[in-house]
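Each remark here refers to the structure printed beneath this line.
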Amino acid sequence: MSGTTAKETTAILAPRSMPTGQRNVVRSNDSASLWNCTLSPGWTQEEVKVLGKALMKFGIGNWMKIIESECLPGKTIAQMNLQTQRMLGQQSTAEFNGLHIDALQIGALNSQRQGPDIRRKNNCIVNMGGKLTRDEVERRRVAHREKFQVSQEEWSVIVLPKPDNPHLLLDKKREELKSLKTELADVVARISAIEQTVECESSQPAGIKRTRE
């Protein structure tokens, strides 16, 4: 690109979802709120905030500790893992395992990564090459720990919300599910009735159709 200035190059490479300019460069100490991760099905923004605090307190991948804390009642390991990927902005989480980090901070940095080797799915960077070796995963994990891990003094005092009665909350969710199933059944019945009407009309002789018209 002959004749293209550095400022113009920055504007071309910047993600469309984020404005360009020095004020919008994400640094390690910037607010994680700059990165609006994609929500997995069944997640609210408030639940994502709670998961973020839980990941900082217990470490990435320590799902059983999060479940035992009862801060996210009803969430499964698979659901938490998928939402963590979206918060990090990448599908592979092995290089962060056990680290007490702000997942949204990593996601903010990943959202600005550009290049011919960067491929995304659901806003998450996917690995297009071969599987990383254990040594490479560990090397990255050590680098992430030195750069991003919060201090023990910080994560040890994080207080996670705990519902007064998680069983009542689960009962409420079950009622919501029951209501949705009833609504779905009603929609299916309506579609079936419309299909039967269309089928009956299409099977009638042409003369009867014209008489009705």
Side-chain angles (χ1 to χ4, degrees), residues 15-18 31-58 60-93 96 102-108 110-111 119-127 158-206 208-213:
R16 294 181 180 179
S17 60
M18 302 184 72
S31 170
S33 62
L34 290 174
W35 164 236
N36 296 318
C37 67
T38 304
L39 294 181
S40 298
W43 286 81
T44 65
Q45 290 287 357
E46 186 59 33
E47 288 174 331
V48 170
K49 291 180 182 179
V50 173
L51 178 59
K53 290 182 179 180
L55 293 173
M56 275 195 283
K57 184 175 183 65
F58 299 119
I60 302 291
N62 287 324
W63 311 121
M64 288 309 302
K65 288 186 177 180
I66 297 177
I67 291 176
E68 291 168 358
S69 73
E70 298 182 345
C71 64
L72 289 168
K75 296 300 184 187
T76 65
I77 291 177
Q79 289 173 323
M80 290 188 289
N81 183 55
L82 179 59
Q83 184 56 49
T84 298
Q85 291 176 2
R86 299 196 177 195
M87 294 167 72
L88 291 168
Q90 64 182 71
Q91 285 189 335
S92 176
T93 63
F96 300 103
D102 184 346
L104 291 177
Q105 179 184 353
I106 306 298
N110 275 334
S111 71
R119 297 290 184 274
R120 287 183 168 84
K121 181 179 181 181
N122 294 325
N123 288 336
C124 293
I125 295 175
V126 296
N127 182 23
I158 292 177
V159 178
L160 299 172
K162 192 173 183 179
D164 295 332
N165 191 333
H167 297 290
L168 291 178
L169 181 58
L170 287 175
D171 288 340
K172 180 180 178 182
K173 293 295 184 181
R174 291 191 182 101
E175 286 298 320
E176 291 177 358
L177 178 59
K178 183 179 179 180
S179 177
L180 290 172
K181 286 182 176 179
T182 301
E183 183 179 350
L184 177 60
D186 181 58
V187 172
V188 171
R190 291 182 184 181
I191 292 174
S192 178
I194 293 173
E195 288 176 340
Q196 290 178 4
T197 300
V198 172
E199 184 178 351
C200 288
E201 291 181 350
S202 62
S203 62
Q204 289 178 351
I208 297 178
K209 292 182 181 179
R210 284 196 293 269
T211 300
R212 288 187 174 181
E213 293 175 355

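Position 1 is the first residue of the sequence; numbering continues from there. Predicted model only: the values in this text are computed from it and were never measured.
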Under the side chain to side chain contact (heavy atoms under 4.5 Å, CB included) rule, collect the residues that match up with [X], sequence neighbours excluded.
{"X": "Asn81", "result": "Trp63, Gln85, Thr93"}
{"X": "Glu47", "result": "Trp43, Thr44, Leu72, Lys75"}
{"X": "Lys53", "result": "Ile158, Leu160"}
{"X": "Ile194", "result": "Val198"}

If you measure from [atom1] on [X] to [atom2] on [Y], what distance do you get to the nearest 0.5 Å?
{"X": "Gln83", "Y": "Leu55", "atom1": "CD", "atom2": "CG", "value": "9.5 Å"}
{"X": "Lys178", "Y": "Glu183", "atom1": "NZ", "atom2": "CD", "value": "15.0 Å"}
{"X": "Leu184", "Y": "Ser179", "atom1": "CG", "atom2": "OG", "value": "11.0 Å"}
{"X": "Gln91", "Y": "Ile125", "atom1": "CD", "atom2": "CD1", "value": "10.5 Å"}
{"X": "Met64", "Y": "Ser69", "atom1": "CE", "atom2": "OG", "value": "10.5 Å"}
{"X": "Ile67", "Y": "Ile77", "atom1": "CD1", "atom2": "CD1", "value": "4.5 Å"}

Of all heavy-atom pairs between [X] and [Y], which one has the smallest distance, and what is that distance?
{"X": "Met87", "Y": "Val48", "answer": "CE-O, 3.7 Å"}
{"X": "Gln90", "Y": "Ser92", "answer": "NE2-O, 2.8 Å"}
{"X": "Gly74", "Y": "Gln79", "answer": "O-OE1, 3.7 Å"}
{"X": "Val50", "Y": "Cys71", "answer": "CG1-O, 3.7 Å"}

Would you say [X] and [Y] make side-chain contact, with heavy atoms under 4.5 Å?
{"X": "Met56", "Y": "Asp102", "result": "yes"}
{"X": "Phe58", "Y": "Glu68", "result": "no"}
{"X": "Val187", "Y": "Ile191", "result": "yes"}

*Would you say the side-chain atoms of Asn110 pair up with the backbone N or O of Leu88, donor to acceptor, closer than 3.5 Å?*
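A pair under 3.5 Å: yes.
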*Would a distance-only check, ignoring hydrogens and angles, find a side-chain to backbone donor-acceptor pair under 3.5 Å from Thr197 to Ala193?*
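Indeed, once roles are kept as given, a pair shorter than 3.5 Å links the two residues.
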_Counterpart residues, salt bridge (Lys or Arg N to Asp or Glu O under 4.0 Å), relative to Lys57 (two or more places apart)_ =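 None.
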_Tell me every residue that passes salt bridge (Lys or Arg N to Asp or Glu O under 4.0 Å) with Arg174, counting only those two or more places apart in sequence or in another chain._
Asp171
